[in-house]
Protein chains: 2
Amino acid sequence: MTYGDRIPDRAVTRLSLVLRRLEVLCAAGVKRVFSRELAEKVGVTAVQVRRDLMAIGYSGSPNKGYEVCALSQAIKAWLHPGLRPAAALVGLGNLGRALLTYFRDREPHLDLLAAFDIDPGKTCMECVGLAVHHVDELERVCKALNVRVAILTLPPEAAQAVAERLAAVGVHALVNFTHASLRLDPHVFVEDVDLSVALDRAVFFSHKK
Amino acid sequence: MTYGDRIPDRAVTRLSLVLRRLEVLCAAGVKRVFSRELAEKVGVTAVQVRRDLMAIGYSGSPNKGYEVCALSQAIKAWLHPGLRPAAALVGLGNLGRALLTYFRDREPHLDLLAAFDIDPGKTCMECVGLAVHHVDELERVCKALNVRVAILTLPPEAAQAVAERLAAVGVHALVNFTHASLRLDPHVFVEDVDLSVALDRAVFFSHKK
DNA sequence: CTCTGTGAATCTATTCACAGCG
DNA sequence: CGCTGTGAATAGATTCACAGAG
């Protein structure tokens, strides 16, 4: 097993994409699939797919491709070993509320258990089944639920402070939708998602292409 | 001017981030800034910032750094030459509605002029000032407004068809929030934003770090 | 000195090209 | 054959190391 090896950062992204396709194929009852088919579904090359599978130590069979459900399980086990982590979302503005329902509908590989806001009155219909707390409760609730991943959709001014508090109670990874660039202990992983950059890139390349 | 030169793809992302910081500094009346300061605000190295500025043909002065507002203008002119493009958003689900207000509040480098849905009754309070049309009106409205950039937040099954229709009426760039991987003429730029991948990455690295 | 600008080296990621299997 | 698996080559991006300017 090449389990603890270093892997290209972007391979993680591709494996996540491949995994989602496989889950669909597996549910649809498809038995086998070729690297080329996966590749074009995901928008990369077939060699890339094979290399990524090589990196996680998975083998298919020549002329028959990969067994869909088994591969799906293997990638899932590699990307997300251990238990599904508990997750929380902080900041129930427009974006936070939308992401809450968005993620819940898409069955992510985590359990979204709690949400926080300075104004917990922002609870909405779609949030049913999910506890909404005041930010003051952050430490208590996160500890109790053993929250490991947090999604930040709060105003940028408040982001650094909240991030530090989350890190202090054992959150290992943040998905940062804020325009703040967070400075934290290096053992805390930060995935920055900058929607404005996505627009800027689109505008830029709309001129270039 | 190294205007038409090829630039590292990721440099575009960094320039967008740097630009936003500069706009803030300029508005705050700061006169000069060093590459190192910009770098740490954005989370990259100082050399990277200088290299990116080199790539767009901009020079600072040794020992004095860069003039904030001038540099801001230069990056903006380079990233977004020509007029601000007209943009449209298709799909007014939870995410679409949230992004509409999110972007409007953040003054992107484009004019968000129209939104479409199969059910235009989904118009909401926050959408005030923005025309909401039935998807059937797509071609007519996009042509009339000269829409160049489109944001896709509709169900994945409908994405490919709508993308083709947009491309056919002259849309040059798409920001695709859909899980569909779009296949279009190569002159149409597609910026994929996959929020589920962001979560997967966070879960993965929460185990690793 | 301290900062910018940049050739050269390094590191990382992708593609090529082909061996080997069924 | 057509596919997987992979060493070797290539391309791409980042960092190093230092020249030059004020």
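Keep in mind that the numbers below use all heavy atoms, side chains included, and drop hydrogens, waters and symmetry copies. We name chains A, B, ... by the order of the sequence lines, and we start the count at 1 in each one. Being a predicted model, the structure only gives us computed values, none of them experimental.
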Can you tell whether the side chains of B/D200 and A/R20 come within less than 4.0 Å, N to carboxylate O?
no
For the pair made of CG in A/D52 and P in C/dT12, what is the distance, rounded to whole Å?
17 Å
Classify the nucleic acid contact of B/R51 as base, sugar-phosphate or nothing, counting any heavy atom under 4.0 Å across all strands shown.
base
Starting at atom OH of B/Y58, determine the distance to atom P of C/dT4, rounded to an integer number of angstrom.
12 Å
Rounded to whole Å, CZ of B/R36 lies from C1' of C/dT4 at a distance of 12 Å
A side-chain contact here means heavy atoms from C-beta on lying under 4.5 Å apart; do A/L195 and B/Y102 qualify?
yes
OP1 or OP2 of C/dT15 sitting under 4.0 Å from any side-chain N/O of A/Q48?
yes
CZ of A/R14 versus C1' of C/dT12: gap in Å, rounded?
12 Å
Among D/dG5, C/dG5, C/dT15, the one nearest any side-chain atom of A/M54 is D/dG5
Identify, between A/K64 and B/G65, the residue whose nearest nucleotide on DNA chain C lies closer to the 5' end.
B/G65
With nearest nucleotides of DNA chain C determined for A/N63 and A/T45 from heavy-atom distances, which residue corresponds to the more 5′ nucleotide?
A/T45
So, does B/R10 get its side chain near the phosphate of D/dA13, meaning an N or O under 4.0 Å from OP1 or OP2?
no
Between A/E67 (CD) and D/dC3 (P), how many Å, whole number?
18 Å
Considering just the side-chain nitrogens and oxygens of A/S61, establish if one lies under 4.0 Å of OP1 or OP2 belonging to D/dT4.
no
Should the pair A/F103 and A/F177 be assigned to parallel (<30°), tilted (30 to 60°) or perpendicular (>60°) ring geometry?
tilted
Looking at the side chain of A/Y66, which of C/dT15, D/dT4, D/dG20 is the nearest nucleotide?
D/dT4
Using whole Å, what does the distance between atom P of nucleotide D/dA13 and atom CG of A/D9 come to?
15 Å
B/R50 side chain N/O closer than 4.0 Å to the phosphate oxygens (OP1, OP2) of C/dT4?
yes
Strictly below 4.0 Å: does B/S59 bring a side-chain N or O up to OP1 or OP2 of C/dG5?
yes
Would you please test B/R165 and B/E139 for salt bridge (charged side-chain N to carboxylate O under 4.0 Å, His left out) and show each step?
CA-CA 7 Å; B/R165 288 170 60 191; B/E139 283 80 2; 2.7 Å; yes
Taking the six-membered ring where the residue is Trp, are the ring centres of A/F204 and B/W78 under 6.0 Å apart?
yes
Check every strand shown and say whether B/R32 touches a base, only sugar-phosphate, or nothing at a heavy-atom separation below 4.0 Å.
nothing
Starting at atom CG of B/L38, determine the distance to atom P of C/dG5, rounded to an integer number of angstrom.
12 Å
A/I7 CD1 to C/dC11 C1', in whole Å, measures 17 Å
